[in-house]
Amino acid sequence: MAKTVGGRRALSRPDLFAYCESMIRQPPAPPELVRAMQDRHVRWEGVQISLVEYYRRHYLTPALERIASEPTWERQRATCLREILNEAHWPNWEYCLKQCRTPFGREIILQKLRQLWPDRTVEELQHYVLQFYLVALCTNAVLSTVGKSFYKFDEATELQIKLYEQYGRDIYMMEIGIMDLAHDVFADDEVRAYEIATFKDERVAPLVQDMFRHLTTTKEQIIEGTFDVAEFKRVDDYIGRQKAALAAELTSSPD
(Lines give C-alpha, C1' and ligand atoms only; values in the text may rest on other atoms or scores of the structure.)
Protein backbone atom coordinates (compact mmCIF):
# COMPACT_ATOMS: atom_id res chain seq x y z
CA MET A 1 0.00 0.00 0.00
CA ALA A 2 1.29 3.46 -0.85
CA LYS A 3 2.18 5.72 2.06
CA THR A 4 1.87 9.49 2.25
CA VAL A 5 4.53 11.50 4.05
CA GLY A 6 4.66 15.28 4.13
CA GLY A 7 1.87 15.54 1.57
CA ARG A 8 3.67 13.43 -1.04
CA ARG A 9 2.35 9.98 -1.78
CA ALA A 10 4.73 7.09 -2.36
CA LEU A 11 3.91 5.27 -5.57
CA SER A 12 2.58 1.75 -5.16
CA ARG A 13 4.17 -1.12 -7.05
CA PRO A 14 1.03 -1.75 -9.17
CA ASP A 15 0.82 1.93 -10.10
CA LEU A 16 4.52 2.16 -10.97
CA PHE A 17 4.51 -0.97 -13.10
CA ALA A 18 1.25 -0.01 -14.79
CA TYR A 19 2.76 3.33 -15.78
CA CYS A 20 5.91 1.65 -17.13
CA GLU A 21 4.18 -1.30 -18.79
CA SER A 22 4.73 -0.22 -22.40
CA MET A 23 8.35 0.78 -21.68
CA ILE A 24 9.01 -2.57 -19.99
CA ARG A 25 7.64 -4.35 -23.03
CA GLN A 26 9.73 -2.32 -25.47
CA PRO A 27 12.61 0.06 -24.78
CA PRO A 28 11.85 3.75 -25.41
CA ALA A 29 14.25 4.00 -28.33
CA PRO A 30 14.16 4.57 -32.11
CA PRO A 31 12.88 1.53 -34.04
CA GLU A 32 16.26 0.83 -35.60
CA LEU A 33 17.90 0.69 -32.17
CA VAL A 34 15.19 -1.61 -30.83
CA ARG A 35 15.70 -3.91 -33.83
CA ALA A 36 19.44 -3.95 -33.18
CA MET A 37 18.85 -4.84 -29.54
CA GLN A 38 16.54 -7.66 -30.57
CA ASP A 39 19.25 -9.05 -32.83
CA ARG A 40 22.08 -8.77 -30.30
CA HIS A 41 22.22 -11.69 -27.89
CA VAL A 42 23.80 -12.17 -24.50
CA ARG A 43 24.33 -15.39 -22.62
CA TRP A 44 22.64 -15.47 -19.21
CA GLU A 45 22.86 -18.59 -17.05
CA GLY A 46 23.69 -20.68 -20.08
CA VAL A 47 20.81 -19.37 -22.22
CA GLN A 48 21.03 -16.80 -25.00
CA ILE A 49 18.54 -13.93 -24.73
CA SER A 50 18.18 -10.71 -26.68
CA LEU A 51 19.39 -7.39 -25.32
CA VAL A 52 15.74 -6.32 -25.11
CA GLU A 53 14.99 -9.27 -22.87
CA TYR A 54 18.10 -8.58 -20.79
CA TYR A 55 17.02 -4.95 -20.42
CA ARG A 56 13.56 -6.08 -19.38
CA ARG A 57 14.47 -8.86 -16.94
CA HIS A 58 17.80 -7.87 -15.45
CA TYR A 59 17.94 -4.08 -15.61
CA LEU A 60 14.65 -2.19 -15.76
CA THR A 61 12.39 -4.53 -13.79
CA PRO A 62 14.82 -4.91 -10.83
CA ALA A 63 15.36 -1.13 -10.77
CA LEU A 64 11.61 -0.52 -10.64
CA GLU A 65 11.26 -3.12 -7.90
CA ARG A 66 13.87 -1.33 -5.80
CA ILE A 67 12.07 1.99 -6.27
CA ALA A 68 8.67 0.53 -5.43
CA SER A 69 9.99 -1.18 -2.30
CA GLU A 70 10.88 2.15 -0.68
CA PRO A 71 8.34 3.22 1.97
CA THR A 72 8.19 6.95 1.26
CA TRP A 73 8.10 9.32 -1.70
CA GLU A 74 11.43 10.82 -0.67
CA ARG A 75 13.19 7.44 -0.56
CA GLN A 76 11.60 6.41 -3.87
CA ARG A 77 12.94 9.58 -5.46
CA ALA A 78 16.40 9.00 -4.00
CA THR A 79 16.43 5.39 -5.22
CA CYS A 80 15.33 6.44 -8.70
CA LEU A 81 18.26 8.86 -8.84
CA ARG A 82 20.67 6.27 -7.49
CA GLU A 83 19.63 3.77 -10.14
CA ILE A 84 20.35 6.34 -12.86
CA LEU A 85 23.70 7.45 -11.47
CA ASN A 86 24.84 3.89 -10.77
CA GLU A 87 24.96 3.22 -14.52
CA ALA A 88 26.81 6.38 -15.59
CA HIS A 89 30.05 4.47 -16.11
CA TRP A 90 28.69 2.56 -19.13
CA PRO A 91 28.17 5.58 -21.42
CA ASN A 92 31.42 7.02 -20.10
CA TRP A 93 33.38 3.86 -20.88
CA GLU A 94 31.77 3.63 -24.31
CA TYR A 95 32.69 7.27 -25.01
CA CYS A 96 36.25 6.92 -23.73
CA LEU A 97 36.98 3.79 -25.77
CA LYS A 98 36.00 5.72 -28.88
CA GLN A 99 38.13 8.71 -27.91
CA CYS A 100 41.31 6.79 -27.09
CA ARG A 101 43.93 7.47 -29.72
CA THR A 102 46.35 4.69 -28.77
CA PRO A 103 46.45 1.21 -27.20
CA PHE A 104 48.09 2.72 -24.09
CA GLY A 105 45.14 5.04 -23.54
CA ARG A 106 42.60 2.32 -24.30
CA GLU A 107 44.15 0.18 -21.60
CA ILE A 108 42.79 2.54 -18.91
CA ILE A 109 39.25 1.37 -19.69
CA LEU A 110 40.16 -2.19 -20.61
CA GLN A 111 41.69 -2.69 -17.15
CA LYS A 112 38.33 -1.87 -15.59
CA LEU A 113 36.52 -4.21 -17.94
CA ARG A 114 38.92 -7.05 -17.15
CA GLN A 115 37.85 -6.80 -13.53
CA LEU A 116 34.40 -7.90 -14.75
CA TRP A 117 35.49 -10.27 -17.53
CA PRO A 118 39.11 -11.31 -16.91
CA ASP A 119 39.39 -13.91 -19.68
CA ARG A 120 37.88 -12.01 -22.62
CA THR A 121 39.59 -10.58 -25.68
CA VAL A 122 39.76 -6.85 -26.40
CA GLU A 123 37.13 -7.25 -29.12
CA GLU A 124 34.79 -9.05 -26.74
CA LEU A 125 35.25 -6.42 -24.04
CA GLN A 126 34.47 -3.63 -26.48
CA HIS A 127 31.36 -5.51 -27.58
CA TYR A 128 30.22 -5.93 -23.96
CA VAL A 129 30.63 -2.21 -23.31
CA LEU A 130 28.40 -1.43 -26.29
CA GLN A 131 25.77 -3.89 -25.11
CA PHE A 132 25.65 -2.56 -21.57
CA TYR A 133 25.72 1.01 -22.84
CA LEU A 134 22.57 0.36 -24.89
CA VAL A 135 20.82 -1.36 -22.00
CA ALA A 136 21.76 1.38 -19.53
CA LEU A 137 20.74 4.09 -22.00
CA CYS A 138 17.26 2.63 -22.40
CA THR A 139 16.84 1.88 -18.69
CA ASN A 140 17.82 5.39 -17.67
CA ALA A 141 15.46 6.86 -20.25
CA VAL A 142 12.59 5.08 -18.49
CA LEU A 143 13.78 6.07 -15.02
CA SER A 144 14.15 9.69 -16.09
CA THR A 145 10.58 9.62 -17.41
CA VAL A 146 9.40 8.17 -14.11
CA GLY A 147 11.35 10.82 -12.24
CA LYS A 148 9.82 13.66 -14.24
CA SER A 149 6.31 12.24 -13.90
CA PHE A 150 6.32 11.37 -10.19
CA TYR A 151 9.43 12.59 -8.38
CA LYS A 152 9.83 16.22 -9.43
CA PHE A 153 12.83 15.76 -11.66
CA ASP A 154 13.27 19.20 -13.18
CA GLU A 155 15.86 20.99 -15.29
CA ALA A 156 18.16 21.37 -12.28
CA THR A 157 17.98 17.62 -11.65
CA GLU A 158 18.86 16.86 -15.26
CA LEU A 159 21.81 19.26 -15.13
CA GLN A 160 23.09 17.63 -11.94
CA ILE A 161 22.93 14.19 -13.57
CA LYS A 162 24.78 15.49 -16.62
CA LEU A 163 27.38 17.15 -14.40
CA TYR A 164 27.98 13.86 -12.58
CA GLU A 165 28.35 11.97 -15.86
CA GLN A 166 30.67 14.58 -17.36
CA TYR A 167 32.87 14.79 -14.29
CA GLY A 168 33.34 11.02 -14.25
CA ARG A 169 34.16 11.10 -17.96
CA ASP A 170 36.72 13.86 -17.41
CA ILE A 171 38.56 11.74 -14.84
CA TYR A 172 38.92 8.84 -17.27
CA MET A 173 39.94 11.13 -20.12
CA MET A 174 42.65 12.75 -18.02
CA GLU A 175 44.26 9.36 -17.42
CA ILE A 176 43.77 8.34 -21.03
CA GLY A 177 45.36 11.55 -22.29
CA ILE A 178 48.51 10.91 -20.28
CA MET A 179 48.85 7.35 -21.54
CA ASP A 180 48.19 8.46 -25.12
CA LEU A 181 51.06 10.91 -24.66
CA ALA A 182 53.30 8.10 -23.38
CA HIS A 183 52.44 6.09 -26.48
CA ASP A 184 53.19 9.04 -28.76
CA VAL A 185 56.77 9.33 -27.50
CA PHE A 186 57.39 5.60 -27.07
CA ALA A 187 58.74 4.95 -30.58
CA ASP A 188 61.34 7.72 -30.30
CA ASP A 189 62.10 7.69 -26.59
CA GLU A 190 61.19 4.64 -24.53
CA VAL A 191 62.78 6.13 -21.42
CA ARG A 192 60.59 9.23 -21.65
CA ALA A 193 57.51 7.07 -22.23
CA TYR A 194 58.33 5.11 -19.07
CA GLU A 195 58.81 8.39 -17.16
CA ILE A 196 55.36 9.57 -18.27
CA ALA A 197 53.72 6.30 -17.22
CA THR A 198 55.51 6.47 -13.86
CA PHE A 199 54.41 10.09 -13.46
CA LYS A 200 50.80 8.96 -13.93
CA ASP A 201 51.13 6.22 -11.33
CA GLU A 202 53.00 8.25 -8.73
CA ARG A 203 51.86 11.85 -9.20
CA VAL A 204 48.53 11.75 -10.99
CA ALA A 205 47.00 8.73 -9.23
CA PRO A 206 46.53 10.56 -5.88
CA LEU A 207 44.72 13.38 -7.71
CA VAL A 208 42.53 10.86 -9.52
CA GLN A 209 41.60 9.37 -6.13
CA ASP A 210 40.66 12.85 -4.89
CA MET A 211 38.54 13.41 -7.97
CA PHE A 212 36.73 10.09 -7.52
CA ARG A 213 36.04 10.98 -3.88
CA HIS A 214 34.61 14.30 -5.05
CA LEU A 215 32.53 12.40 -7.61
CA THR A 216 31.17 10.05 -4.93
CA THR A 217 30.30 12.95 -2.64
CA THR A 218 28.55 14.70 -5.52
CA LYS A 219 26.58 11.55 -6.30
CA GLU A 220 25.28 11.22 -2.74
CA GLN A 221 24.37 14.91 -2.63
CA ILE A 222 22.38 14.64 -5.85
CA ILE A 223 20.59 11.56 -4.55
CA GLU A 224 19.71 13.16 -1.22
CA GLY A 225 18.79 16.53 -2.71
CA THR A 226 21.60 18.41 -0.95
CA PHE A 227 23.77 19.27 -3.95
CA ASP A 228 25.40 22.68 -3.59
CA VAL A 229 26.83 24.03 -6.84
CA ALA A 230 28.98 26.59 -5.02
CA GLU A 231 30.59 23.89 -2.88
CA PHE A 232 31.09 21.69 -5.94
CA LYS A 233 32.82 24.56 -7.73
CA ARG A 234 35.01 25.32 -4.70
CA VAL A 235 36.33 21.75 -4.57
CA ASP A 236 36.60 21.54 -8.34
CA ASP A 237 38.59 24.78 -8.50
CA TYR A 238 41.02 23.40 -5.92
CA ILE A 239 41.41 20.18 -7.90
CA GLY A 240 41.73 22.21 -11.10
CA ARG A 241 44.73 24.08 -9.70
CA GLN A 242 46.38 20.76 -8.87
CA LYS A 243 45.66 19.47 -12.39
CA ALA A 244 47.17 22.59 -13.92
CA ALA A 245 50.32 22.25 -11.83
CA LEU A 246 50.71 18.59 -12.80
CA ALA A 247 50.09 19.38 -16.46
CA ALA A 248 52.79 22.04 -16.38
CA GLU A 249 55.18 19.61 -14.74
CA LEU A 250 54.41 16.85 -17.22
CA THR A 251 54.81 18.98 -20.33
CA SER A 252 57.97 20.74 -19.21
CA SER A 253 61.11 19.58 -20.97
CA PRO A 254 62.85 16.75 -19.12
CA ASP A 255 66.31 17.43 -17.77
Side-chain angles (χ1 to χ4, degrees), residues 8 10-11 16 19-20 23-24 27-29 54-56 58-97 99 108-109 112-113 115-116 128-176 208-236 239:
R8 294 193 178 106
L11 203 62
L16 178 59
Y19 177 81
C20 295
M23 294 181 287
I24 295 172
Y54 189 85
Y55 148 88
R56 185 183 299 130
H58 303 294
Y59 253 67
L60 181 57
T61 297
L64 294 175
E65 292 283 8
R66 286 188 286 270
I67 294 169
S69 68
E70 296 289 358
T72 65
W73 181 91
E74 287 78 9
R75 295 324 305 162
Q76 287 186 340
R77 183 182 192 277
T79 298
C80 188
L81 281 166
R82 187 177 298 279
E83 294 294 330
I84 292 171
L85 298 179
N86 278 351
E87 302 306 321
H89 57 286
W90 291 116
N92 282 347
W93 290 353
E94 166 70 9
Y95 173 87
C96 290
L97 281 175
Q99 296 301 312
I108 295 295
I109 304 301
K112 300 180 184 303
L113 295 171
Q115 294 176 17
L116 301 173
Y128 293 162
V129 169
L130 175 60
Q131 289 183 320
F132 278 90
Y133 162 67
L134 293 174
V135 170
L137 185 70
C138 293
T139 301
N140 283 358
V142 176
L143 297 180
S144 294
T145 300
V146 169
K148 292 173 185 175
S149 298
F150 300 108
Y151 300 120
K152 294 187 178 296
F153 283 20
D154 55 15
E155 184 178 353
T157 310
E158 293 182 12
L159 289 174
Q160 290 169 15
I161 293 171
K162 289 179 181 178
L163 175 66
Y164 175 81
E165 293 173 345
Q166 184 62 57
Y167 194 77
R169 182 177 299 177
D170 289 347
I171 299 173
Y172 296 130
M173 288 306 299
M174 181 177 70
E175 294 187 277
I176 288 167
V208 168
Q209 292 173 2
D210 287 344
M211 293 177 73
F212 272 119
R213 280 192 287 268
H214 185 36
L215 184 68
T216 300
T217 298
T218 299
K219 175 182 178 180
E220 293 305 316
Q221 289 174 346
I222 293 171
I223 289 169
E224 298 302 331
T226 60
F227 177 76
D228 184 339
V229 66
E231 176 62 15
F232 176 89
K233 188 175 185 305
R234 184 190 68 79
V235 176
D236 189 48
I239 290 174

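For the numbers below, each heavy atom of this structure counts, side chains included, while hydrogens, waters and symmetry mates do not. By convention here, the first residue in the shown sequence is residue 1.
- Ionic pairing of E231 and R234 is present here: one or more N-O contacts between side-chain nitrogen and carboxylate oxygen are shorter than 4.0 angstrom.
- Using cut-offs of 30° and 60° for the angle between ring planes, the Y54 and H58 rings count as tilted.
- Nearest heavy-atom pair across P28 and M23 is CD-O, 4.4 Å.
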> After noting the C-alpha distance and the side-chain angles of I239 and H214, does the key distance pass the side chain to side chain contact (heavy atoms under 4.5 Å, CB included) rule?
Replying inline: CA-CA 9 Å; I239 290 174; H214 185 36; 4.2 Å; yes
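- Note that the OH atom of Y55 and the CG atom of L134 stand 12.5 Å from one another [nearest 0.5 Å].
- The ring pair (Phe, Tyr, Trp, His ring centres under 6.0 Å) with W90 is formed by just one residue from the set F132, Y133, Y59, Y128; it is F132.
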> What do the steps show when you test I108 against C96 for side chain to side chain contact (heavy atoms under 4.5 Å, CB included), and what is the final call?
Replying inline: CA-CA 9 Å; I108 295 295; C96 290; over 6 Å; no
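- For E70, the side chain to side chain contact (heavy atoms under 4.5 Å, CB included) partners at least two apart in sequence or on another chain are R75, Q76, T79.
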> Would Q221 and Q160 count as a side chain to side chain contact (heavy atoms under 4.5 Å, CB included) if you check the C-alpha gap in whole Å, the side-chain angles of each, and the deciding distance to 0.1 Å?
Replying inline: CA-CA 10 Å; Q221 289 174 346; Q160 290 169 15; over 6 Å; no
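- Distance check: E65 CD to L60 CG gives 10.0 Å after rounding to the nearest 0.5 Å.
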>> Determine whether F232 and L163 satisfy the following criterion, side chain to side chain contact (heavy atoms under 4.5 Å, CB included), listing intermediate values before the conclusion.
In response: CA-CA 10 Å; F232 176 89; L163 175 66; 3.9 Å; yes
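- Taking every heavy atom of both residues into account, N140 and I84 meet most closely at ND2-O, 3.3 Å.
- Once rounded to the nearest 0.5 Å, the distance linking CD1 of I67 with CG of L16 reads 6.0 Å.
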>> With salt bridge (charged side-chain N to carboxylate O under 4.0 Å, His left out) as the criterion, how do D210 and R213 come out once you've worked through the C-alpha distance, each side chain's angles and the decisive distance to 0.1 Å?
In response: CA-CA 5 Å; D210 287 344; R213 280 192 287 268; 2.3 Å; yes
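- Residue I109 holds its CD1 atom at 8.5 Å from CE of M173, rounded to the nearest 0.5 Å.
- A distance of 3.5 Å separates CG in N86 from NZ in K219, rounded to the nearest 0.5 Å.
- A distance-only check finds a donor-acceptor pair linking the side chain of W73 to the backbone of F150 [under 3.5 Å].
- Two residues are said to be in side-chain contact when any heavy atoms from C-beta on lie closer than 4.5 Å; K152 and R8 meet this criterion.
- Put simply, CD on E220 and CZ on R82 are 4.0 Å apart, with the number rounded to the nearest 0.5 Å.
- Distance alone, capped at 3.5 Å, is enough to place a donor-acceptor pair between the T157 side chain and the D154 backbone.
- Every residue two or more places apart in sequence or in another chain was checked for a ring-ring contact (aromatic ring centres under 6.0 Å, His included) with F153, and none qualifies.
- Listed here is the closest heavy atom pair of R169 and P91: NH2-O, 4.2 Å.
- Between M211 and M174 there is a side-chain heavy-atom pair separated by less than 4.5 Å.
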> Given the rule in the side chain to side chain donor-acceptor pair (under 3.5 Å) test, do T218 and Y167 qualify, once you have shown the distances and angles that lead to the verdict?
Replying inline: CA-CA 10 Å; T218 299; Y167 194 77; over 6 Å; no
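- Looking at every heavy atom in both residues, N92 comes nearest to G168 through ND2-C, 3.8 Å.
- Proximity of Y19 to T145: side-chain heavy atoms (C-beta onward) are separated by under 4.5 Å at one or more points.
- V208 has its side chain within reach of E175: a pair of non-hydrogen atoms, C-beta onward, lies under 4.5 Å apart.
- Closest approach of A10 to P71, counting heavy atoms only: CB-O, 3.8 Å.
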